[in-house]
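In listed order, ligands and their atoms are each counted from 1. Position 1 is the first residue of the sequence, and the numbers go up from there.
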Amino acid sequence: MEPKQTVLITGATSGIGKELARLFAKEGYKLVIVARDEQKLEDTADELKEIGALQVTPISCDLSVVGSAQKLYNQVRKRRIVIGTLINDAGAGEHGFFKETPLDEELAIIQLNVTSLVQLTKLYMREMVRRDEGKILQLASIASYQPTPLLAVYAATKAFVLSFTDALINELKDSNVTMTALIPGATDTEFYVRANAENIKATENMAGPDVVAKIGFQALMNGKPHAVAPGMKSQILKSSLMSNQQVAAMARKQMEVKTTPS
Ligand SMILES: NC(=O)c1ccc[n+]([C@@H]2O[C@H](COP(=O)([O-])OP(=O)(O)OC[C@H]3O[C@@H](n4cnc5c(N)ncnc54)[C@H](OP(=O)(O)O)[C@@H]3O)[C@@H](O)[C@H]2O)c1
């Protein structure tokens, strides 16, 4: 049997990224896991080894900092680890009216959700194309299809991720390297608390991160372009039939705070 390759997962200590890491660990892969919190990285590494990962390398890195993606790449290279699968999962949002939300926070979100994702994709996709093998999973969102008031910067970053991914899928079509966009709807993770959005209407009906990760894992392994979370296909279709302003009005309702917080 061929030795299993190494999978690099950003955002592997929580939510969808952690569930993806668990799926690869159970299949006996080697993993590089990336997030900021060192203790959570250590705890996650221990758990992943317990459930079957052949080797886990935790790397603490703040991908919202300029230059951090290149630093991460250099650290992985220094350890002579070859990445067979890249999962760009780490991402964040900030809830609120754009006229009131902190700009620094939003520029950091763009750096994390867009710039670092592009940098890591550039660095690892080049290597994969040279070897003519490899897989990349990009975390898009239902927000990729919906201009979203009260989460405007976040939704715009996810529109970027989907457009970028679809263009690269086309560029890669004559190679053995595949790229997949995972498109979750509202998912029960730490995302909403971190985004100061724990009491918004969108959180009333959330999918489990394990369900979303499984759909992403299967699509990635099969080289499929998109993995759409349950219930989201009809939303995508609905959005495609409406004007952007109609979509924004619909999305805004989901972003409003519930009248009785749970
Ligand atoms: N939850 C949803 O409803 C939903 C819907 C659609 C798409 N998504 C996308 O799914 C992805 C995962 O989100 P999630 O819901 O699973 O979120 P989550 O539970 O908040 O997990 C986020 C993960 O990313 C890491 N992270 C956050 N900021 C980082 C930074 N600056 N540098 C490095 N790592 C960082 C976190 O660890 P540290 O804090 O320790 O760094 C954590 O491991 C994101 O791209 C998100 O946009 C989520």
**Student:** Check the angle between the aromatic planes of Y29 and F24 and answer parallel, tilted or perpendicular using the 30° and 60° thresholds.
**Tutor:** perpendicular

**Student:** Does anything in residues 46-57 form a side-chain hydrogen bond (donor to acceptor under 3.5 Å, both in side chains)? List the pairs, not counting sequence neighbours.
**Tutor:** R22-E47

**Student:** Going by the rule salt bridge (Lys or Arg N to Asp or Glu O under 4.0 Å), which residues pair with R126 if we only count those two or more places apart in sequence or in a different chain?
**Tutor:** none

**Student:** When you measure from the side chain of T187 to the backbone N and O of P184, does any donor-acceptor pair fall under 3.5 Å?
**Tutor:** no

**Student:** Applying a heavy-atom distance cut-off of 4.0 Å, which protein residues contact ligand 1?
**Tutor:** G11, A12, T13, S14, G15, I16, A35, R36, D37, C61, D62, L63, S64, D89, A90, G91, L112, L139, A140, S141, Y154, K158, P184, G185, A186, T187, T189, E190, F191, Y192, R194

**Student:** The criterion is salt bridge (Lys or Arg N to Asp or Glu O under 4.0 Å); which residues satisfy it with R252, sequence neighbours excluded?
**Tutor:** E256

**Student:** Does K201, at its NZ atom, have more than 12 non-hydrogen atoms belonging to other residues, nucleotides or ligands within less than 6.0 Å?
**Tutor:** yes

